[in-house]
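As structure tokens, the structure follows; a few thoughts come after it.
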2 protein chains.
Amino acid sequence: MGRLEQTCRERGVKLTQPRRAVLEVLETSRDHPSVGEIHRRVRQRHRIALATTYRVLNRLTEAGVLTRHLFVDKAHYELAGRRHHHLIDRSTGRIVEIDDPALTALLEQALNRLGYRLVDYHLELTGEVERSG
Amino acid sequence: MGRLEQTCRERGVKLTQPRRAVLEVLETSRDHPSVGEIHRRVRQRHRIALATTYRVLNRLTEAGVLTRHLFVDKAHYELAGRRHHHLIDRSTGRIVEIDDPALTALLEQALNRLGYRLVDYHLELTGEVERSG
DNA sequence: GTATATGCAAAAGCTTTGCGGGTTC
DNA sequence: GAACCCGCAAAGCTTTTGCATATAC
């Protein structure tokens, strides 16, 4: 049994066909798909209703298995526990991941100074490619 | 004429009654109101359609006068040019501003290393109050 | 006077929900 | 077997759009 499915069990999330299918899609995705896109991908191999996709994503997010991000206009999901930043390239609209533990540490410190404990964060940077000539 | 209105003129944004009213609300707001909330506040003193509120906010954002943030589930606005971070207190749902120029500088550096120039950013931190006793 | 903005109402997207039937543990 | 989940369809929100009228410059 995969690590994710074990986490679900531990948190009282029943492992149904649709849930396994959604998890599988997110495990094999290297991008940050929207609900519609996740639904489309799952449907390539399984039968699933759009409403179910929404419910599964909500349930898994609530259980801490997934993380929800609100990018340009709708929700996008990824597996939880990934602490990184998202750079939105303004020219192409692409979402790039930036992995910088030092930045995370700094954020954590800033919050601690304010008396908070960092639970999650979502950094959305907008950048333009520097002209180098 | 206020600084904001001058900026609008310079950028070819006609100064209509509804636009002045929306700007006035955002100038006097210390929070980050949603579209519905902005509409509600403007309507306390002026006649304005919801569709107009949306169009005004889109136009002013496009002109760089306002900044749009996608928080929990919908768009929120504030005057542009404010570089700070937003901390969402998970227990209360309140949005708190964190002003930390050092953090901004670090973000800028990280982007430069990647060949990008920082245009804008939106940092959404989720935190819980630390138990201090 | 012309280009652009507004109001209203209708429509378009994304997301949630009620209900009967089905599945997991 | 009980609790929970799924599919379908309908409804709820936020946001956009078409069109006739009104306004800014």
Side-chain angles (χ1 to χ4, degrees), chain A residues 1-2 4-25 32-63 65-77 93, chain B residues 1-2 4-25 32-63 65-77 93:
Chain A
M1 182 167 57
L4 287 174
E5 304 193 348
Q6 192 158 351
T7 307
C8 287
R9 279 251 160 74
E10 288 166 11
R11 302 186 186 179
V13 177
K14 279 188 191 165
L15 281 168
T16 65
Q17 255 280 303
R19 289 179 180 174
R20 284 179 203 274
V22 166
L23 282 175
E24 191 187 317
V25 159
H32 305 77
S34 64
V35 182
E37 181 59 27
I38 291 170
H39 182 231
R40 217 168 297 126
R41 293 183 193 177
V42 172
R43 277 223 288 193
Q44 290 178 354
R45 308 171 106 258
H46 306 81
R47 191 167 168 281
I48 188 174
L50 179 58
T52 301
T53 308
Y54 273 99
R55 276 193 276 230
V56 166
L57 292 171
N58 284 344
R59 188 76 183 80
L60 293 177
T61 301
E62 176 190 298
V65 178
L66 302 182
T67 304
R68 182 205 330 257
H69 300 293
L70 292 169
F71 286 125
V72 188
D73 54 348
K74 47 191 172 185
H76 293 243
Y77 290 84
Chain B
M1 182 167 57
L4 287 174
E5 304 194 348
Q6 193 159 350
T7 307
C8 286
R9 280 252 159 75
E10 288 166 12
R11 302 185 185 179
V13 176
K14 279 187 192 167
L15 282 167
T16 64
Q17 255 278 304
R19 289 178 180 173
R20 286 179 201 272
V22 166
L23 283 176
E24 190 186 319
V25 160
H32 305 77
S34 65
V35 181
E37 182 58 28
I38 292 169
H39 181 232
R40 216 168 298 126
R41 292 182 192 176
V42 172
R43 278 223 286 193
Q44 290 179 355
R45 308 171 105 258
H46 306 82
R47 192 168 168 280
I48 187 173
L50 178 57
T52 301
T53 307
Y54 273 99
R55 277 193 275 232
V56 166
L57 291 170
N58 285 344
R59 187 74 183 84
L60 293 178
T61 300
E62 176 191 298
V65 178
L66 301 181
T67 303
R68 181 203 333 254
H69 300 294
L70 292 169
F71 287 126
V72 188
D73 55 347
K74 47 192 172 183
H76 294 243
Y77 291 83

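Hydrogens, waters and symmetry mates are skipped; everything else that's a heavy atom, side chains included, is used. The model shown is predicted, which means the values in this text are computed figures rather than measured ones. Lettering follows sequence order; numbering is per chain, from 1.
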Rounded distance (nearest 0.5 Å) linking atom CG of A/Leu15 with atom CZ of A/Arg9: 5.0 Å
Neighbour count above 12 (heavy atom, 6.0 Å) for A/Arg59 CZ: yes
Terminal axes of the helix from C/dG1-D/dC25 to C/dC25-D/dG1 (five pairs each): angle between them, nearest 10 degrees: 50°
Expected list for residues 44-54 of chain A: side-chain donor-acceptor pairs under 3.5 angstrom, two or more places apart:
from: A/Thr53; atom 1: OG1; to: A/Ala49; atom 2: O; distance (Å): 3.1

Side-chain N or O of A/Asn58 closer than 4.0 Å to phosphate OP1/OP2 of C/dT16: yes
Heavy-atom check, side chain of A/Leu57 versus side chain of A/Ile38, under 4.5 Å: yes
Separation of atom CD in B/Glu62 from atom P in D/dT16, rounded to whole Å: 12 Å
N or O in side chain of A/Tyr54 less than 4.0 angstrom from C/dT16 OP1/OP2: no
For atom CG of B/Leu57 and atom P of D/dT14, their distance in whole Å: 14 Å
Distance in angstrom units between A/Arg11 CZ and C/dT24 C1', rounded: 20 Å
Salt bridge (charged side-chain N to carboxylate O under 4.0 Å, His left out) against B/Glu37, all qualifying residues, sequence neighbours excluded: B/Arg40, B/Arg41
Base-contact (B) and sugar-phosphate-only (S) positions in nucleotides 1-10 of chain C, heavy-atom cut-off under 4.0 Å, - elsewhere: --BSSBBBB-
